[in-house]
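Computed from a predicted model, the values in this text were never measured in an experiment.
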Amino acid sequence: MTTHAPQAAQAVTLPTTLDEAVAALAAVPAAVPVAGGTGLMAAVNSGQLRPAALVGLGRISEIRGWQYQDGHALLGAGLTHARMGRPDFAALIPALAAAARAAGPPQIRNAGTLGGNIASAAPTGDALPVLAALEATLIIAGPDGARREMPVSHLLAGMEMLRAGELIGYVRVPLLHAPQVFLKATGRTGPGRAMASVALVLDPARRGVRCAVGAIAPMPLRPLEAEQWVASLIDWDNGRAIVPEALHAFGEYVAAACIPEAAPAEDGSVPQLPPAVLHLRRTVAALARRALGRALS
């Protein structure tokens, strides 16, 4: 423990292209990339992190916008939450825009970036369940102009990791042209850290429902069986109709999948979940039920 201010970084590099940024990281393996800095600077100010060098990504214009590509949106990792929350982006990917608008106060939304949200992989990251539900993929920039792809879910689950000198360059998101919903519950009124969140998207082409639950585990959770079950109950040819009882059952199905009952004791009895866990389970059920209801309305 110390009362001294964290030691300043020894060097700061400000590249203007993605490949220059990768080269800077390769030249100084101990360097840390920084975009919005909302998470990094909090760690520096608290003394948890003292980077030997910084590679600033704020001047790389190529990753601060988006483009259309083969039925997908190619989103630059430098997109800020504030930019994603605007109406033109909301018309493109509504759930991601809703998550961006809920990311926190204006100063956080103006600085925080999509790539930073993914790279930090904080369980409460609002964009993460949306990207999981959309089954988005990452385009990773590596040394010598190399590019490779991986599902966002693989990075969040630790199945694949960024290699030395690599950066998240873009996020590829399928354009489903169907309703999408993002909802979250916080411990206070207004934007704040999620206690639980749910992203739900419809995929009419595949007659599917995709749902991801965030903030209750180290990574977004996909209740796959609940998705398949409720998709089979939707009348896709008749205005996506569904009986009201199925909405309630879906919420309970999702909550039970993500927060299962306690394991049986040695005598065969099943212990009751703690009150806080039961409350969280009811919250997840309510969010999932409302999200599906809004998507189908």
Worksheet entry | Non-hydrogen side-chain atoms of Leu155 and Ile168 separated by less than 4.5 Å | yes
Practice prompt. Dump the intermediate steps for side-chain contact (heavy atoms from CB on, under 4.5 Å) on Leu287 and Val213, then the final yes or no.
Written response: CA-CA 9 Å; Leu287 291 175; Val213 179; over 6 Å; no
Fill in: Smallest separation among heavy atoms of Pro260 and Ala257, with atom names
CD-O, 4.2 Å
Identify every side-chain donor-acceptor pair in residues 288-297 under 3.5 Å, counting partners at least two apart or on other chains, and give the distances.
{"unit_1": "Ser297", "atom_1": "OG", "unit_2": "Arg294", "atom_2": "O", "d": "2.8"}

Worksheet item: Taking Asn238 for the side chain and Ala241 for the main chain, is one N or O donor matched with an acceptor at less than 3.5 Å?
Response: no
Practice prompt. Answer yes or no: does atom CZ of Arg64 have more than 12 heavy-atom neighbours from other residues, nucleotides or ligands under 6.0 Å?
Written response: no
Practice prompt. Compare every heavy atom of Thr113 with every heavy atom of Gly36, then report the nearest pair and how far apart it is.
Written response: N-CG2, 4.0 Å
Worksheet item: Are Arg222 and Arg210 close enough, and set up right, to give a side-chain contact (heavy atoms from CB on, under 4.5 Å), and what steps lead you there?
Response: CA-CA 8 Å; Arg222 286 281 302 276; Arg210 300 188 208 155; 3.9 Å; yes
Worksheet item: Should Thr283 and Ile216 count as side-chain neighbours, where that means a heavy-atom distance under 4.5 Å?
Response: no
Practice prompt. Please check if atom CD in Gln272 has more than 12 non-hydrogen atoms from other residues, nucleotides or ligands closer than 6.0 Å.
Written response: no
Discussion item. Holding to salt bridge (charged side-chain N to carboxylate O under 4.0 Å, His left out), I want the full list of residues that pass it with Asp70, two or more places apart in sequence or in another chain.
Written reply: none
Discussion item. Hydrophobic cluster membership, with links at side-chain heavy-atom distances under 4.5 Å among I/L/V/M/F/W/Y: are Leu75 and Leu156 in one?
Written reply: yes
Fill in: Euclidean distance, Leu247 CG relative to Ile242 CD1, rounded to 0.5 Å
5.5 Å
Fill in: Considering all heavy atoms, the nearest Pro264-Pro271 contact
CA-CD, 4.3 Å
Practice prompt. Indicate yes or no: at least one non-hydrogen side-chain atom of Asn117 is less than 4.5 angstrom from one of His81.
Written response: yes
Response to the item:
Separation between NZ (Lys184) and CZ (Arg193), nearest 0.5 Å, reads 9.0 Å
Item to complete: Specify the closest pair of heavy atoms between Arg240 and Pro204, including all atoms of both residues, with the distance to one decimal.
Response: NH2-CG, 3.6 Å
Worksheet item: Looking at residues at least two apart in the chain, or sitting in another chain, which of them share a ring pair (Phe, Tyr, Trp, His ring centres under 6.0 Å) with Trp229?
Response: Tyr253
Worksheet item: Any chain of hydrophobic side-chain contacts (each under 4.5 Å) joining Val55 to Val32?
Response: no
Worksheet entry | In one Ile/Leu/Val/Met/Phe/Trp/Tyr side-chain cluster, 4.5 Å: Leu54, Leu14 | yes
Fill in: Heavy-atom closest pair, residues Ala21 and Leu167
CB-CD1, 3.6 Å
Item to complete: Mind checking side-chain contact (heavy atoms from CB on, under 4.5 Å) for Ala97 and listing every partner two or more places apart, or none if nothing turns up?
Response: Phe89, Ala90, Arg101
Practice prompt. Say whether Leu74 and Leu57 are linked into one hydrophobic cluster, either directly or through other cluster members, by side-chain heavy-atom distances under 4.5 angstrom.
Written response: yes
Worksheet, complete the sentence: Applying side chain to side chain donor-acceptor pair (under 3.5 Å) to Gln69 and not counting sequence neighbours gives Arg172
Fill in: Rounded distance [0.5 Å steps], CD1 in Ile234 versus CZ in Phe250
8.5 Å
Worksheet item: Taking only residues two or more places apart in sequence, or in another chain, which ones meet Glu62 in a side-chain contact (heavy atoms from CB on, under 4.5 Å)?
Response: Thr17, Leu18, Ile60, Tyr170
Fill in: Spacing of Met159 atom CE and Ser153 atom OG [to the nearest 0.5 Å]
7.0 Å
Practice prompt. Check whether Leu221 and Val277 end up in the same hydrophobic cluster, where Ile, Leu, Val, Met, Phe, Trp and Tyr are linked by side-chain heavy atoms less than 4.5 Å apart.
Written response: yes
Worksheet item: Where do Leu176 and Leu134 come nearest, in terms of heavy atoms and distance?
Response: CD1-CD2, 4.1 Å
Discussion item. Is any side-chain heavy atom of Asn110 closer than 4.5 Å to one of Thr80?
Written reply: no
Worksheet, complete the sentence: Applied to residues 86-97, the salt bridge (Lys or Arg N to Asp or Glu O under 4.0 Å) test, sequence neighbours excluded, yields Arg83-Asp88
Discussion item. Whether the side chain of Trp236 engages the backbone of Arg206 through a donor-acceptor N/O pair (distance < 3.5 Å, no angle test) should be reported.
Written reply: no
Worksheet item: With sequence neighbours excluded, what pairs up with Leu175 under the side-chain contact (heavy atoms from CB on, under 4.5 Å) test?
Response: Tyr68, Ala73, Leu92, Ile93, His177
Response to the item:
With sequence neighbours left out, the residues meeting salt bridge (charged side-chain N to carboxylate O under 4.0 Å, His left out) with Arg148 are Glu160, Glu166
Worksheet item: With Asp267, which residues qualify under salt bridge (charged side-chain N to carboxylate O under 4.0 Å, His left out), at least two apart?
Response: none
Discussion item. Assess the residue pair His279 and Met195 against the criterion (side-chain contact (heavy atoms from CB on, under 4.5 Å)); give the C-alpha distance rounded to whole Å, side-chain angles, the decisive distance to 0.1 Å, and a yes or no.
Written reply: CA-CA 11 Å; His279 174 67; Met195 177 177 69; 4.0 Å; yes
Worksheet item: How far does CD of Glu149 sit from NE2 of His154, to the nearest 0.5 angstrom?
Response: 12.5 Å
Worksheet item: Nearest 0.5 Å, what's the CD-CG distance between Glu20 and Leu25?
Response: 12.0 Å
Practice prompt. Apply side-chain contact (heavy atoms from CB on, under 4.5 Å) to Val209 and Leu202, showing your working.
Written response: CA-CA 5 Å; Val209 174; Leu202 301 183; 3.9 Å; yes
Worksheet item: Under a 4.5 Å cut-off applied to non-hydrogen side-chain atoms, are Leu114 and Leu131 in contact?
Response: yes
Response to the item:
Residues passing the salt bridge (charged side-chain N to carboxylate O under 4.0 Å, His left out) test with Glu261, sequence neighbours excluded, are Arg281
Worksheet item: Got a sec, which residues hit side chain to side chain donor-acceptor pair (under 3.5 Å) with Arg147, two or more places apart in sequence or on another chain?
Response: Asp19
